[in-house]
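Down below is the structure, laid out as structure tokens.
Since the structure is predicted, the reported quantities are computational estimates derived from the model, not experimental observations. Below, chain A is the first sequence line, B the second, and so on; all start at residue 1.
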There are 2 protein chains.
Amino acid sequence: MSVQERKERERAVRERLIVATARELAEHQGWDAVTTRRLAERIEYSQPVLYSHFRGKREIIGAVALEGATEMAAALRAAASAADGPRARVTALARAYLDFAERNPAVYDAMFQLDGGLAFAKEDTPEPLKDAFAALLESLGEVAGDGVHPGLFTEVFWAALHGLATLTRAGRLPPGDAERRVELLVDRLAVV
Amino acid sequence: MSVQERKERERAVRERLIVATARELAEHQGWDAVTTRRLAERIEYSQPVLYSHFRGKREIIGAVALEGATEMAAALRAAASAADGPRARVTALARAYLDFAERNPAVYDAMFQLDGGLAFAKEDTPEPLKDAFAALLESLGEVAGDGVHPGLFTEVFWAALHGLATLTRAGRLPPGDAERRVELLVDRLAVV
DNA sequence: GACTCGATCCTAGCATCGCTAGACAAGCGA
DNA sequence: TCGCTTGTCTAGCGATGCTAGGATCGAGTC
């Protein structure tokens, strides 16, 4: 029994190594540089080993996305809990969201831009994704306003943040006015 | 002279055929199905012909994006001009934007999700893209509110629309409540 | 302690991708 | 009619995601 346990442990370690290496490679050189060959070379195994852990490249992206979702949820909660009052909490939340997207572009892409083969807005949505949304909901629900469903409000606010994050990073929005855009967004959307 | 003119005319026709074929292929089978080989086969020329019109696949995507931007600008202006009053105009504009994204997913991807090698938010931004933004600005500038820069307001509103469009289509948002989300967005952001 | 056998991993290869070099033919001007 | 430019095609390069099949290694058994 002990032998099998050791093997499973080693497999788990290697799987984490794959995900971490994929993430690092994507963060430094972009997802285009994350090829199965390069990834295999980095972890010092041959290509087919990757396929004994994941169905394919998509699932590797998905694994990075889940890891990122967990981190994002933590970052959002940390930012929210450090602020006093609903209004300040929402501002801090928005800044933390955009900050996360800017600091971890590859992870953000894995979560929302690339196809990681993950289900969303369904019952079989992976837990980390649900939890990241929940982290948003916790703070945003307070400022949804009377008669507005908190979930719906969170969706709209999230969409706005997502739009700002992606358009800014793609060079579609001038980078200078980021802070003013956040203030405007919170000013108008949040009911305090 | 006349010979050369005829050749140029034929070249222009063929270039439009390439763009139209790429768009059609992308709209029916997704951008992944738009390979240079398949595209060449559809237009009944060999692969290298594509490269005598465009530098590469990126530029073909960019051409589809520009075509889409022109159409989107027209659609937005049409919707806005058919509505009475600033508030109704903004609602119509938002609906038209999301409608365009939903009806032309491949074109929308070419414009905002894929790399078409286009410059944004700079002086050398292609005219169609500037014009599409201008079409948004025309209606949204009216409801920016006192002391808020119309351009900044338009950017934020646009980002929100873009977020709704992409997240909805990627299955990240439940498709049912689209209309309620638009109403909430217009209600809060627009100052009437 | 030798052996069997299953798990594990690697070499090699497939089809396809974007892109390009070089051969070839067609049609222009002289 | 001839020469030459212009245009097009065939063939191929390196790289991609993914997989089949053989080699190797080590655990468990006599």
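A:Val148 is not listed as a side-chain neighbour of A:Val191, based on a closest heavy-atom distance of 4.5 Å or more.
Residues that satisfy the salt bridge (Lys or Arg N to Asp or Glu O under 4.0 Å) test with B:Arg38, not counting sequence neighbours, are absent from this structure.
Near DNA chain D, meaning a heavy atom under 4.0 Å away, the residues from residues 36-45 of chain B are B:Arg37, B:Tyr45. Heavy-atom distances under 4.0 Å link DNA chain C to B:Val34, B:Thr35 of residues 16-35 of chain B, given in residue order. Within residues 46-62 of chain A, the residues that have a heavy atom under 4.0 Å from DNA chain D are, in order of number, A:Gln47, A:Pro48, A:Tyr51, A:Gly56, A:Lys57.
Straight-line distance from the CD atom of A:Glu10 to the P atom of C:dC9: 9 Å, rounded to whole Å.
Residue-level contact check: B:Arg14 touches the backbone only, with heavy atoms under 4.0 Å from sugar-phosphate atoms and none from bases.
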Criterion side chain to side chain contact (heavy atoms under 4.5 Å, CB included) on B:Leu184 and B:Arg188, from CA distance to verdict: CA-CA 6 Å; B:Leu184 176 60; B:Arg188 293 285 169 87; 4.0 Å; yes

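Of the possible donor and acceptor atoms, none in the side chain of A:Asp99 sits under 3.5 Å from a partner among the backbone N and O of A:Arg95. Using a distance-only test at 3.5 Å, with no hydrogens or angles considered, no donor-acceptor pair links the side chain of B:Gln47 to the main chain of B:Ala40.
Other residues, nucleotides and ligands contribute more than 12 heavy atoms inside 6.0 Å of the CZ atom of A:Arg11. Residue-environment remark: CD (B:Glu44) stays at or below the threshold of 12 foreign heavy atoms within 6.0 Å.
Classification of A:Lys130 and A:Asp124 as a salt-bridged pair fails, no side-chain N sitting under 4.0 Å from a carboxylate O.
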For a quick test of your reading: what N or O donor-acceptor pairs under 3.5 Å do the side chains of residues 62-70 of chain A make, sequence neighbours left out?
from    : atom 1 : to      : atom 2 : distance (Å)
A:Glu67 : OE2    : A:Arg23 : NH1    : 2.8
A:Thr70 : OG1    : A:Leu66 : O      : 3.1

Distance-only donor-acceptor pairs under 3.5 Å for side chains of residues 157-168 of chain A, two or more places apart:
from     : atom 1 : to       : atom 2 : distance (Å)
A:Trp158 : NE1    : A:Tyr97  : OH     : 2.9
A:His162 : ND1    : A:Tyr108 : OH     : 2.7
A:Thr166 : OG1    : A:His162 : O      : 3.0
A:Thr166 : OG1    : A:Gly163 : O      : 3.2
A:Thr168 : OG1    : A:Leu164 : O      : 2.6

